[in-house]
Amino acid sequence: MDDTTGRPSRSAQLVAAARMVADDDPGPWGRLCSDPYARLFVDDEVLDRARASVDFARNIWLRTRYIDDAVLGSCSPPDPCTQVLILGAGLDSRVLRLGVDAMHYEVDFPDTLAYKAAVLHNAGIDPGLRRVTVPVDLVTTPMSDPLIAAGFDAHAPTCTVCEGVTFYLSESALDDTFNQLHALLAPGSVLVLDYSRPDDPDLRSRQHRSIRDRLSAEGEPIHRRSRIIPEVLANHGFTVVDDGPIDLLPPRYGLPAIVERQFPAWILTARRL
């Protein structure tokens, strides 16, 4: 979110546009994910960008599918999470499209959440009583007190989604976020996040550099990592149970393997010890 203009960030809109393409024109990949609400948040320019970058859109579809499966799985019997915490919720619509029987807490910039609420209201869409918004800037403001005040139960098993967030946090902000999550989440809670590794050779790929430079020009610089996030999580009381490059996910969904990786993005699932 561009918190100085009251408009959503172009990256958030680009992700929504990629999800829209997944519904409208998935091509030979089929429909890896579906977000019927995405079209509410995009314009023609950002939609053209999503359609022009097949590799980027495919990466978003794979990421979305992985996270959707993780949320659905963690909120299902025999030991379901009863809360879903979404950090940097942006234009995410999981509370509407997944139908999970759990309280959802969406954390993001105040203007982001206000914009999202206005768009949904104007479209006649009611997110219902199972969604609570918590306006917090993760970089500058601790989220613990606002979450607890909003009704978050630190003793209840929780599935936390951190999608497209770690790239924009400094090392210190990342440490602060993981410390807060360790204090907020009950043992056994699930954490799903995507990230980049400093040792990934695809960080030097031309396509990644192009996207990184464009985001920086639009006011959303990506932070370079000096540490490997799974190791950082271990120091904050989490154990990683699944981890790998997003580009290598297709065989998991019965699709052909990608011959050449395009994006240095990884995704993992961890549990709070």
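We number each residue from 1, following the sequence as shown.
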Visitor: Is the backbone of Gly164 close enough, under 3.5 Å, to the side chain of Asp194 for a donor and an acceptor to pair up by distance?
Guide: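 It does hold such a pair.
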
Visitor: Side chains of Pro157 and Asp79, heavy atoms from C-beta outward: is any pair under 4.5 Å?
Guide: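 SC-SC contact between Pro157 and Asp79 ruled out.
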
Visitor: Quick check on the hydrophobic clustering: are Tyr115 and Leu120 connected, directly or via other members, by side-chain heavy-atom contacts under 4.5 Å?
Guide: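 Per the 4.5 Å side-chain linkage, Tyr115 and Leu120 are co-clustered.
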
Visitor: Could you tell me whether the side chain of Arg97 and the main chain of Asp35 form a donor-acceptor pair under 3.5 Å?
Guide: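 No; judged by distance alone, with no hydrogens or angles, the pair does not exist.
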
Visitor: Contact between Gln180 and Pro142 at the side-chain level, heavy atoms closer than 4.5 Å - yes or no?
Guide: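 When only atoms from C-beta onward are counted, Pro142 and Gln180 do touch, with a gap below 4.5 Å.
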
Visitor: What distance separates Leu72 CG from Ile67 CD1, expressed to the nearest 0.5 Å?
Guide: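 CD1 of Ile67 is found 12.0 Å from CG of Leu72.
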
Visitor: If you look at every heavy atom in Phe167 and Tyr195, which pair is closest and at what distance?
Guide: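 Looking at all heavy atoms of both residues, the closest pair is CE2-C, 3.5 Å.
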
Visitor: Suppose we screen for side-chain contact (heavy atoms from CB on, under 4.5 Å). Which residues come up paired with Pro80, at least two apart in sequence or across chains?
Guide: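 Here no residue qualifies.
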
Visitor: Looking at Tyr105 and Gly151, would you say the former's side chain and the latter's main chain have a donor-acceptor pair under 3.5 Å?
Guide: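 Confirmed, Tyr105 side chain pairs with Gly151 backbone.
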
Visitor: Treating Asp108 as the side-chain partner and Gly90 as the backbone partner, does any N or O pair qualify as donor plus acceptor under 3.5 Å?
Guide: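 Yes, because the side chain of Asp108 sits within donor-acceptor range (under 3.5 Å) of the backbone of Gly90.
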
Visitor: With Ala22, which residues qualify under side-chain contact (heavy atoms from CB on, under 4.5 Å), at least two apart?
Guide: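 For Ala22 the side-chain contact (heavy atoms from CB on, under 4.5 Å) partners, ignoring immediate neighbours, are Cys33, Trp61.
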
Visitor: Does Thr177 form a side chain to side chain contact (heavy atoms under 4.5 Å, CB included) with Leu169? I'd like the steps, not just the answer.
Guide: CA-CA 9 Å; Thr177 299; Leu169 297 179; 3.9 Å; yes

Visitor: Assigning hydrophobic clusters by single linkage (Ile, Leu, Val, Met, Phe, Trp, Tyr; side-chain heavy-atom cutoff under 4.5 Å), is Val84 placed with Val241?
Guide: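 No.
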
Visitor: Any carboxylate oxygen within less than 4.0 angstrom of a Lys/Arg side-chain nitrogen, looking at Arg39 and Asp24?
Guide: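 Between Asp24 and Arg39 there is a salt bridge, with a charged N closer than 4.0 Å to a carboxylate O.
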
Visitor: Spell out, yes or no, whether Trp29 and Val54 are grouped together once hydrophobic residues are joined by side-chain heavy atoms under 4.5 Å, including indirect joins.
Guide: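 The answer is no; the residues belong to distinct hydrophobic clusters.
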
Visitor: Is the shortest side-chain heavy-atom distance between Leu85 and Val161 below 4.5 Å?
Guide: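 Leu85 does not reach Val161 side chain to side chain.
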
Visitor: Checking side-chain polar atoms at under 3.5 Å, does Arg19 have a donor or acceptor matched by the opposite partner on Thr64?
Guide: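 Result is yes, a qualifying pair exists.
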
Visitor: Can Val136 and Phe109 be said to form a side chain to side chain contact (heavy atoms under 4.5 Å, CB included), step by step?
Guide: CA-CA 5 Å; Val136 169; Phe109 290 116; over 6 Å; no

Visitor: Crowded around Asp44 CG? As in, over 12 foreign heavy atoms under 6.0 Å?
Guide: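 Counting other residues, nucleotides and ligands, CG of Asp44 stays at 12 neighbours or fewer.
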
Visitor: Evaluate the side-chain proximity of Lys116 to Asp92: yes if any heavy-atom separation is below 4.5 Å, no if none is.
Guide: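 In short, these two side chains touch, coming nearer than 4.5 Å.
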
Visitor: Mind jotting down which residue pairs meet the side chain to side chain donor-acceptor pair (under 3.5 Å) criterion with at least one end in residues 229-242? Sequence neighbours excluded, please.
Guide: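 Output for this query lists Tyr66-Asp242, Asp175-His236, Asn179-His236, Asp242-Arg252.
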
Visitor: Can you label the angle between the Phe263 ring and the Phe56 ring as parallel, tilted or perpendicular, going by 30° and 60°?
Guide: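 If you compare the ring of Phe263 with that of Phe56, the planes turn out perpendicular.
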
Visitor: For residues Arg31 and Asp23, determine if any side-chain heavy atom of one lies less than 4.5 Å from a side-chain heavy atom of the other.
Guide: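 Arg31 reaches Asp23 side chain to side chain.
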
Visitor: If you take all heavy atoms of Ala57 and Ala50, which pair is closest and at what distance?
Guide: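 Closest approach of Ala57 to Ala50, heavy atoms only: CB-O, 4.0 Å.
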
Visitor: Check the pair Met20 / Leu47 against side chain to side chain contact (heavy atoms under 4.5 Å, CB included), numbers first and verdict last.
Guide: CA-CA 8 Å; Met20 178 177 167; Leu47 186 56; 3.9 Å; yes

Visitor: To the nearest 0.5 Å, how far apart are CG in Leu249 and CD1 in Ile258?
Guide: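 So the CG of Leu249 and the CD1 of Ile258 are separated by 8.5 Å.
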
Visitor: Kindly write out the residues that satisfy salt bridge (charged side-chain N to carboxylate O under 4.0 Å, His left out) with Asp243, not counting sequence neighbours, or none if the list is empty.
Guide: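 Scan of Asp243 (salt bridge (charged side-chain N to carboxylate O under 4.0 Å, His left out), adjacent residues dropped) gives none.
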
Visitor: Quick one: CG on Leu273 to CG on Leu185, what's the gap to the nearest 0.5 Å?
Guide: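 These two atoms lie 11.5 Å from each other.
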
Visitor: Can you find a heavy atom in the side chain of Ile246 that is under 4.5 Å from one in the side chain of Trp266?
Guide: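 SC-SC contact between Ile246 and Trp266 ruled out.
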
Visitor: State, to 0.1 Å, how close Leu96 and Asp126 come at their nearest heavy-atom pair, and which atoms those are.
Guide: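 That would be CD2-O, 4.2 Å.
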
Visitor: To check you understand the geometry: which heavy-atom pair defines the closest contact between Pro251 and Leu248, and what is its length?
Guide: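 In this case the closest contact between Pro251 and Leu248 is CD-O, 3.6 Å.
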
Visitor: Give a yes or no on whether the backbone of Phe41 and the side-chain of Gln13 come within a donor-acceptor separation of less than 3.5 Å.
Guide: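 Looks like yes, one N/O pair under 3.5 Å.
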
Visitor: If I compare all heavy atoms of Ala186 with all of Ser189, which pair ends up nearest, and what's the gap?
Guide: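 Answer, listing the atom of Ala186 first, then Ser189: O-OG, 2.8 Å.
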
Visitor: Counting only N and O atoms by type, is there a donor-acceptor contact under 3.5 Å from the side chain of Asp25 to the main-chain atoms of Val21?
Guide: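 No: the side chain of Asp25 does not pair with the backbone of Val21.
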
Visitor: Cluster question for you: counting only ILVMFWY and a side-chain heavy-atom cut-off of under 4.5 Å, with indirect links fine, are Leu98 and Val192 together?
Guide: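 Yes: a chain of side-chain contacts under 4.5 Å links Leu98 to Val192.
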
Visitor: Quick one: are Arg63 and Ile267 in side-chain contact, heavy atoms under 4.5 Å?
Guide: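 Yes, close enough: below the 4.5 Å cut-off.
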
Visitor: I need the Leu255 CG to Arg65 CZ distance, nearest 0.5 Å.
Guide: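 Interatomic distance, Leu255 CG to Arg65 CZ, rounded to 0.5 Å: 8.0 Å.
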
Visitor: I need the Arg131 CZ to Glu106 CD distance, nearest 0.5 Å.
Guide: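 Arg131 atom CZ to Glu106 atom CD measures 4.0 Å (nearest 0.5 Å).
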
Visitor: Among residues two or more places apart or on two chains, list those pairs meeting side chain to side chain donor-acceptor pair (under 3.5 Å) that have a residue in residues 141-161.
Guide: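 Those involving residues 141-161 are Gln83-Thr158.
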
Visitor: When rounded to the nearest 0.5 angstrom, what is the spacing between OG1 in Thr269 and CG in Leu193?
Guide: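 Those atoms lie 8.5 Å apart.
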
Visitor: Assess the residue pair Leu181 and Met143 against the criterion (side chain to side chain contact (heavy atoms under 4.5 Å, CB included)); give the C-alpha distance rounded to whole Å, side-chain angles, the decisive distance to 0.1 Å, and a yes or no.
Guide: CA-CA 9 Å; Leu181 287 176; Met143 63 179 154; 3.8 Å; yes

Visitor: Of all residues at least two apart in sequence or in a different chain, which pass the side-chain contact (heavy atoms from CB on, under 4.5 Å) check with His182?
Guide: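 Checked His182 against side-chain contact (heavy atoms from CB on, under 4.5 Å); matches are Phe238, Arg272.
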
Visitor: For the residue pair Cys75 and Ala102, what are the closest heavy atoms and their distance?
Guide: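 Reported closest heavy-atom pair: SG-CB, 4.4 Å.
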
Visitor: Would you check if Ile86 and Glu163 make a side-chain contact, meaning some heavy-atom pair closer than 4.5 Å?
Guide: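 Ile86 vs Glu163: side chains apart.
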
